[in-house]
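Order of the sequence lines fixes the chain letters, A, B, ..., with proteins taken first and strands second; residue numbering starts at 1 for each chain.
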Amino acid sequence: MNEVKKRFVDQLLAADPPSSEARRRYEKEVHAMLEKTLTPRQRGIYLLGAVLLLLPAGYFALLAVLTTNEATLIKFVGAYAVATALALAGVALLLFWGYWKGVVAYRTSRRWAAGVGIVYVGLLGWLFLLMAQLMPDFQNDVRVLGFLLVVYAAVAWVRHRVAQSEMAMAEKLLEIELHLAEMRELFETQGRTREASPAPPNAPGATATEAPPPA
Amino acid sequence: MIECLPGGRGEQMWDGHLNRADRAAVYPCRGPRRTLLARDTKAVARELLARRCQRGDRAALAELIHTWERPLLYFIRRLVRDEADAWDVLQQTWLRVLHGIGSLSDPRSLAPWLYRIARNTAFSHLGASPPAHEPLEHSAEAQVDESTNGQMEFDNAEEVHRGLLRLSLPHREVLTLHFLEDLSVEEVASVLGIPPGTVKSRLHYARLALRKAIGGEASHE
């Protein structure tokens, strides 16, 4: 957009000034939209969700404590219970954080919840792989199940990291392109200025052309 | 001009789940020859802003709103006559934009995407359907003189603003887009949901109508 067009657009926008009262109300609402402030009802739902998740987490934690002195195979049940209790407590913590702050960043919360899920699946798979040694009758089945879970978690994690790196790389390339475009525009502007301004009288080119013809 | 030739470093990299637009941005050396420095700062800055918004950068979202709220409001005001309604539509537009920016497949098309959302939101707010393109416009495509850019044939913004109010809705929206943005005919077509040929002819007739409206106003004075 050249300067003339830009000035025209500015004048066009200025020709339709918005009322200050409507603008103030709009700015307040957009600010709330960006902050993602929770209403009291939403905060209540977040709190309820956190409590509802903490109940099974507590149950699994209790189960883990009760199986501490049991046989080795039963201890694995306790280990599953610990992993499940931690995963549930993690999600409950996210919900409680939203309730406490009254503000939630959906994208970040979803990312954390997904991270908890991936770690949980990976941990379960790893426990299955360990437990397979204690179950001679189903050793292969349990091992395959554990392997599949570990691979699933690993692929999900790698995909996430690759996507993050790609986004970062695309942004870096665009930043470089932006710098190059800015430099090009600067050179073009300087070139135009130089062409527009007359050459100084003592410049080597100027003296040759402007010198009077010999008498 | 710096040119990027095929066979660059990006060729060896795994890009299994990138769509075409992402791949073009991440690996500019891949595919057909693409000239670097072909785009101006504004286009690159817009794409960068769109990508930062897609990442969930809050500062970028605030910048997006700050940069676009005035032109979008002006465009919406040309579709919705009441100012309070226009502010409501703008707010709903931002709500849709914030929810949908993550799924914007081509960050280069940020401007037409924003205007398309604003337009659809305005029409759904009014409970009306967008104006359909008339067959008459389409048949007149061949007669349109494409040599006139029309960009600076109107130099008085006040007159243009008043003249726009007197035009029909299809003419008003196409001219508002034309005046506010450097959108290509294809981009305007994607905003309005009509063929590019129809955009050309509609722009032509809208300019004539605007000139007439401004002339009529001047003769009244």
Quick one: of B:Leu90, B:Asn156, B:Leu164, who has the most non-hydrogen atom pairs under 4.5 Å with chain A?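 Answer, by heavy-atom pair count under 4.5 Å with chain A: B:Leu90.
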Assess whether atom NE2 of A:His160 is packed by more than 12 heavy atoms of other residues, nucleotides or ligands within 6.0 Å.
->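 More than 12 within 6.0 Å, yes.
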State the [atom1]-[atom2] distance between [X] and [Y], to the nearest 0.5 angstrom.
X        : Y       : atom1 : atom2 : answer
B:Asp88  : A:Tyr26 : CG    : OH    : 11.5 Å
A:Leu173 : B:Arg51 : CG    : CZ    : 9.5 Å
A:Leu13  : B:Arg77 : CG    : CZ    : 12.5 Å
B:His66  : A:Glu27 : NE2   : CD    : 10.0 Å

Between A:Arg23 and B:Glu83, does at least one N-O distance fall below 4.0 Å, as a salt bridge requires?
->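 No.
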Would A:Arg184 and B:Asp40 pass as an ion pair if we require N to O under 4.0 Å?
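Between B:Asp40 and A:Arg184 there is no salt bridge, as every charged N stays at least 4.0 Å from the carboxylate O atoms.
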Between A:Glu171, A:Gln11, A:Glu29, which has the largest tally of heavy atom pairs under 4.5 Å with chain B?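 When all of A:Glu171, A:Gln11, A:Glu29 are compared, A:Glu171 has the most.
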Proximity breakdown for A:Arg7 and chain B, heavy-atom pairs closer than 4.5 Å: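 Contact with chain B involves no heavy atom of A:Arg7 at all.
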Q. Checking A:Ala14 against chain B: side chain, backbone, both or neither under 4.5 Å from a heavy atom?
A.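 For A:Ala14, backbone heavy atoms alone lie under 4.5 Å from chain B.
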Select one option (side chain, backbone, both, neither) describing which atoms of [X] are under 4.5 Å from chain A's heavy atoms.
X       : value
B:Leu95 : both
B:Leu48 : both
B:Ala43 : neither
B:Arg70 : both

**Study point:** B:Thr176 side chain near A:Leu12 side chain, heavy-atom distance below 4.5 Å
**Key:**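 B:Thr176 vs A:Leu12: side chains apart.
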B:Val44 vs A:Glu175 side-chain heavy atoms within contact, under 4.5 Å: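 No, their side chains stay 4.5 Å or more apart.
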Any chance you could lay out the salt bridge (charged side-chain N to carboxylate O under 4.0 Å, His left out) test for A:Glu185 and B:Lys42, step after step, and finish with the verdict? CA-CA 11 Å; A:Glu185 284 186 5; B:Lys42 194 176 166 187; over 6 Å; no
Discussion item. Testing the basics here: between A:Pro18 and B:Trp87, what is the closest heavy-atom pair and its distance to 0.1 Å?
Written reply: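 Smallest interatomic distance, heavy atoms only, reads CB-CZ2, 3.2 Å.
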B:Thr41 to A:Leu178 - nearest heavy-atom pair and separation |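 Answer, listing the atom of B:Thr41 first, then A:Leu178: O-CD1, 3.5 Å.
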